[in-house]
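Just so it is clear: chains get the letters A, B, ... in the order the sequence lines come, proteins before strands, and each one is counted from 1.
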Protein chains: 2
Amino acid sequence: MTNKAILDAVHETAKDLHRAGAMNATTMREFDAMCLPPVKQYTAGQIKKLRLRYKASQAVFAAYLNTSASTVQKWEQGQKKPNGPSLKLLNVVDQKGLEVLG
Amino acid sequence: MTNKAILDAVHETAKDLHRAGAMNATTMREFDAMCLPPVKQYTAGQIKKLRLRYKASQAVFAAYLNTSASTVQKWEQGQKKPNGPSLKLLNVVDQKGLEVLG
DNA sequence: TATTATATAGCACTTAGTGCTATACTCAGC
DNA sequence: GCTGAGTATAGCACTAAGTGCTATATAATA
């Protein structure tokens with residue numbers, strides 16, 4: 001939270017610099033990328049908790065993520081770990097809700 | 001488009017039924033899952049166009065999706081196809097903008 | 001009781017994802 | 001002109017995630 005506040009503040013400053021012409025668009029884009037909030041990792045249990053927060057079955061949750069129920073099962077059992085994009089999707093759901101995937 | 005209009009209308013009707021107590025929450029959830037908008041497929045070129053819409057380099061775009069630049073390259077060259085969750089992420093970016101991943 | 005929905009377990013297969021290196025092409029600044 | 005940073009493409013090899021399937025177990029429910 002305090003980290004996010006700092007990042008936000010720095011980001012605002014960068015946007016001001018951009019408006020002032022001190023940073024070109026390219027640099028700005030890279031800056032944005034570097035300032036992307038770090039993707040949070042989830043344990044098997046945390047994934048299950050995240051799903052249950054929305055009272056969704058494994059099948060329904062999988063449908064939202066456009067993956068298979070088998071995959072969600074393995075995540076929750078700790079047999080497999082979600083890869084990059086899947087993890088990002090879990091972060092989005094965690095922070096913005098399952099609805100944004102609708 | 002006409003398909004989406006139909007789905008939207010049906011969905012609205014279902015929500016009305018839900019409000020009226022004719023459907024319980026569980027059924028409603030499953031209904032929601034079944035009514036999830038179909039995930040759009042993208043050709044290699046369409047992925048590249050999507051990325052360029054946000055004037056992002058492959059590396060930056062990859063960072064947003066929490067994947068590697070190598071993977072984005074292969075998508076755009078048609079050497080690999082994005083899997084389920086990756087495709088969902090592309091759909092989200094397409095429909096809601098790259099910002100929602102921030 | 002019978003049935004439906006859900007979750008777990010285990011198997012086998014395929015391929016996406018990843019990392020790395022080398023090459024080539026812009027484009028802006030010296 | 002030349003140079004260097006940024007970007008994109010190509011090709012290689014490896015690993016593990018993703019997928020599909022079946023069977024079993026449980027809980028809730030009609």
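- Taken residue by residue, residues 92-102 of chain A places no heavy atom nearer than 4.0 Å to DNA chain C.
- Straight-line distance from the CD atom of B:Gln58 to the C1' atom of D:dA10: 12 Å, rounded to whole Å.
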Collect all protein-nucleotide pairs involving nucleotides 21-30 of chain D in which both atoms are nitrogen or oxygen and the distance is under 3.5 Å.
none

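- The separation between A:Gln41 atom CD and D:dA17 atom P is 12 Å, rounded to whole Å.
- Annotation: side chain of A:Asn83 is in contact with side chain of A:Pro85 (closest heavy-atom distance under 4.5 Å).
- In this structure the side chain of A:Asn91 reaches within 4.5 angstrom of the side chain of A:Tyr42, judged on heavy atoms.
- At C:dG17, none of the side-chain N or O atoms of B:Thr67 fall inside 4.0 Å of OP1 or OP2 (strictly under the cut-off).
- Hydrophobic clustering (ILVMFWY, side-chain heavy atoms < 4.5 Å, transitive): B:Leu52 and B:Val93 are in distinct clusters.
- A distance-only check finds no donor-acceptor pair linking the side chain of A:Arg53 to the backbone of A:Gly97 [under 3.5 Å].
- Interatomic distance, A:Leu87 CG to A:Leu90 CG, rounded to the nearest 0.5 Å: 6.0 Å.
- Among the atoms of the strands shown, only primed sugar atoms or phosphate atoms (P, OP1, OP2) are found under 4.0 Å from some heavy atom of B:Ser68.
- A heavy-atom distance below 4.5 Å is not found between the side chains of B:Ser86 and B:Leu65.
- Phosphate proximity of D:dA8 to B:Arg51: present, with a side-chain N or O under 4.0 Å from OP1 or OP2.
- The side chain to side chain donor-acceptor pair (under 3.5 Å) test with A:Glu76 is passed by exactly one of A:Lys49, A:Arg51, A:Lys48: A:Arg51.
- In this structure, the side chain of B:Lys96 engages the main chain of A:Val100 through a donor-acceptor pair within 3.5 Å.
- A:Thr67 contributes atom OG1, which lies 11.5 Å from atom CD of A:Gln58 (distance to the nearest 0.5 angstrom).
- Residues B:Thr71 and B:Pro82 have side chains not in contact (no heavy-atom distance under 4.5 Å, counting atoms from C-beta outward).
- The NZ atom of B:Lys88 sits 5.5 Å away from atom CG of A:Leu101, with the distance rounded to the nearest 0.5 Å.
- Nearest to the side-chain atoms of A:Thr71 among the listed nucleotides D:dT19, C:dG17, D:dA8 stands D:dT19.
- Across the protein-nucleic acid pair, B:Lys48 atom NZ and D:dA8 atom P stand 7 Å apart, rounded to whole Å.
- Remark: B:Trp75, B:Lys80, B:Lys81, B:Pro82, B:Asn83, B:Ser86 in residues 75-89 of chain B come within less than 4.0 Å of DNA chain C through at least one heavy atom.
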